[in-house]
Structure formats: C-alpha cells, structure tokens
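Some notes on the structure that comes next.
Here, residue 1 is the first one in the sequence, and each next residue gets the next number.
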Amino acid sequence: MDRIREFINDYLYQILIGLVSVIVIFMFVIGGMFISRGGQSGSHDDQAVIESAGSTSEMASTASSTVPDQPKQVASGSNQQMYVDVKGAVKNPGVYQVSANMRVVDAIELAGGYNRSADKKKINLAQKLTDQQVIYVPIRGEKATPVTSTRSPATSETPADGAAQSATASEESTAGSSAQINLNTADKTKLQELTGIGDKKADQIIAYRQAHGQFKNIEELKEVPGFGDKTFANLKSSICV
C-alpha cells in the first residue's frame, strides 16, 4: 500500500509540474503577443504623427505660396513729368521734357547749346529747373535781361516777340544780375553805389518811388527830376527793376 501511495504521489507531482510548465509557457506566449502588438501600435502612432506633421507643413507651405506679393512702393515724384521752355540765343529753341534733378545747363544742352550771339555771362547755369520754367538766353548787348523765370499757369502766354518776352520775364524776376542795383528795392546807401549818384540824387529816387510807386522799367528813371538822357545812358547797364 505504501508503494502504491508513493507511486500515486509521484504521478500527481509530475502532472502538477507539467501543468505549471504549460501555464508559464502560455503566459510567455501571451506576453510576447501583447508586446508585439504594442510595438506595432506605437509604430503606427509614430507614423501617424509624422504624416500629420508632414501634412501640416505642406498646408503651411501652400498657404504661404498663395499669399499675394505686397506691392512695391514707388518713390514719390519719380515719374513726375516736367517741361521747360528754352528761348533766345540757343540753336534749337523749344519746349523740352526734363527731370527734377536737372539744372539750367542741362536744358541749354537739350536745346543744342548756345548760338554765336549768346551772352553766356548772364546765365545762372547752376539754377535748378522747375515745371513751366522759361529759360531765356539773352543776345549780347541786351540790357536788364533775367536769367530765367518761372511762369505761373495764369500767366503762361508766350510773348509775341523777344522784346516783349524779355519785359514780361523782367517783371517776374525777383532780381537782376549780381552787378545790377534794383531801383525798387535799393535803399539810400545802395543807390549811392551807382556811378554819379550822390546823397541828393538818391533822395530824389526814393521820393519818386514813394510818390509814384515802383518803377515799371529802368527807362522811367528819366522821369525823376535831375535825371536826363545822358545820366540814364551812364546808369542803364548798372540798374534793373
């Protein structure tokens, strides 16, 4: 009987060990499957994140490419058209288109330059050009001729001849050449700088100016008491209005 019991116990022990082994193996298999599935799931998640990031980047790139370019600002006045009228002793008088940074010397060059009779000494070549400006190059021997003038739209009529144009420009000019004295603006001291004009004659010019207003032209000086044709002839190259 003892041997039978020992046999039975040994048999049951072996069965129990076999069951434990099967259970352990089964648990290892099940754990491996879960681990494998977990790795695959993580891989799919990572791929989804990468694809999502790529899609977002592509959308951003597409949106950026569809944004219209901002218009480039154009410098103010860069396309402004200006015209000047070049007259007098030049080879090709006429109206010429110029730019804002050009000067009188450029306008004269556009008109072909001076002709043989031009008086170059009375031209301010460095003066800047403005729209509707009249540039008159005088002929040698002309008196009290301004360098240039700017015509306003209300008084833009072209003079009928050179003498009328010279007179109109003379009224618009604020000053003559640096060597001339303006009869309308000079004070007593300045008037006495003229040849043959002393204290008394300077007072007479000022008194006439106060009584009759500004001189319309230099010839009007002969109407001042004490100023005749001879005195005027000596002064006409040194005065202006």
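- Rounding to the nearest 0.5 angstrom, the gap separating the CG atom in Asn124 from the NZ atom in Lys122 is 14.5 Å.
- Under the 3.5 Å distance criterion, the side-chain polar atoms of Gln133 are matched with a main-chain donor or acceptor of Thr130.
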Tyr136 vs Asp85, side-chain contact (heavy atoms from CB on, under 4.5 Å): CA-CA, chis, key distance, verdict: CA-CA 8 Å; Tyr136 181 75; Asp85 188 2; over 6 Å; no
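- Both Val137 and Met102 are part of a single hydrophobic cluster, where members link through side-chain heavy atoms under 4.5 Å apart.
- Note: the hydrophobic cluster containing Val95 does not contain Leu110 (ILVMFWY, side chain heavy atoms under 4.5 Å, direct or indirect links).
- Under a 3.5 Å cut-off, the side chain of Asn115 and the backbone N or O of Lys91 do not form any donor-acceptor pair.
- Between Val241 and Gln214 there is no side-chain heavy-atom pair separated by less than 4.5 Å.
- We find the CD1-CD1 distance between Ile197 and Ile181 to be 9.5 Å, quoted to the nearest 0.5 Å.
- The NZ atom of Lys216 lies 8.5 Å from the CG atom of Asn184; values are rounded to the nearest 0.5 Å.
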Steps toward side-chain hydrogen bond (donor to acceptor under 3.5 Å, both in side chains) verdict (Asp187, Thr189): CA-CA 6 Å; Asp187 57 14; Thr189 303; 4.6 Å; no
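- Looking at heavy atoms from C-beta onward, Asn182 lies out of side-chain contact with Phe215 at the 4.5 angstrom threshold.
- Without hydrogens or angle criteria, Arg103 side chain to Ala126 main chain gives a donor-acceptor distance under 3.5 Å.
- Here Ser99 contributes atom OG and Asp106 contributes atom CG; the two are 7.5 Å apart, rounded to the nearest 0.5 Å.
- Here Lys120 pairs with nothing under the salt bridge (Lys or Arg N to Asp or Glu O under 4.0 Å) rule; sequence neighbours left out.
- Looking only at side-chain heavy atoms (C-beta outward), Leu191 and Ile206 come within less than 4.5 Å of each other.
- There is no path of hydrophobic side-chain contacts, each under 4.5 Å, that joins Ile139 to Val86.
- Taking 4.5 Å as the limit, every side-chain heavy atom of Met82 sits out of range of all side-chain heavy atoms of Gln97.
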Would you check, one step at a time, whether the test side-chain contact (heavy atoms from CB on, under 4.5 Å) holds for Val104 with Lys128? CA-CA 6 Å; Val104 170; Lys128 273 193 171 185; over 6 Å; no
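- Using modelled atom types and a 3.5 Å distance limit, the side chains of Tyr83 and Gln132 yield no donor-acceptor pair.
- At least one side-chain heavy atom of Lys222 sits under 4.5 Å from a side-chain heavy atom of Asp229.
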Step-by-step side-chain contact (heavy atoms from CB on, under 4.5 Å) determination, Ile123 to Tyr114: CA-CA 11 Å; Ile123 302 297; Tyr114 302 105; 4.3 Å; yes
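- In this structure, Gln180 and Ser238 have side chains that are not in contact, with every pair of non-hydrogen atoms separated by 4.5 Å or more.
- Judged purely by atom type and a 3.5 angstrom limit, Arg140 has no side-chain atom pairing as donor or acceptor with the backbone of Asp119.
- Between Phe227 and Leu235 the shortest side-chain heavy-atom distance falls below 4.5 Å.
- Residues Leu221 and Ile239 meet the side-chain proximity criterion, which asks for heavy atoms closer than 4.5 Å.
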Go through the steps for Leu125 and Ile108 under the test side-chain contact (heavy atoms from CB on, under 4.5 Å), then give the verdict. CA-CA 9 Å; Leu125 298 176; Ile108 293 176; 3.8 Å; yes
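- Between Asp203 and Lys201, no side-chain nitrogen of the basic residue sits less than 4.0 Å from a carboxylate oxygen of the acidic one, so the salt-bridge criterion is not met.
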